[in-house]
Amino acid sequence: MCKFFKKLFKFLAVVAAIAGAVAGVYYAVKKFKDKKEASEEDFVPCECCDCDACCETEETPAESAE
């Protein structure tokens, strides 16, 4: 009977260790993805900004037709 409990506890320990490792990897990946998405949200493409340097190089269709 004692051998059964010993094997059961070993099995539960292995399962708990695997679950802990998976949870750690999930947390690390989620944290990395959140950080990456936050940096992408701060990016403003040149088309959306109101600076003169961006507007000087681009021609609108109305300007090119004249």
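Computed from heavy atoms alone, side chains included, the values below leave out hydrogens, waters and symmetry copies.
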Visitor: Hydrophobic side-chain clustering at under 4.5 Å (ILVMFWY, transitive links): who's grouped with Tyr27? Put none if nobody.
Guide: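 Reading the cluster by chain and number, Tyr27 sits alone, since nothing else belongs.
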
Visitor: Lys30: what forms a side-chain contact (heavy atoms from CB on, under 4.5 Å) with it, not counting sequence neighbours?
Guide: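 So Lys30 forms a side-chain contact (heavy atoms from CB on, under 4.5 Å) with Tyr26, Asp34.
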
Visitor: For Val29, which fellow cluster members are found when Ile, Leu, Val, Met, Phe, Trp and Tyr are connected by side-chain heavy-atom distances below 4.5 angstrom, either directly or through intermediates?
Guide: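 Once heavy-atom contacts under 4.5 Å are chained together, Val29 belongs with Val25.
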
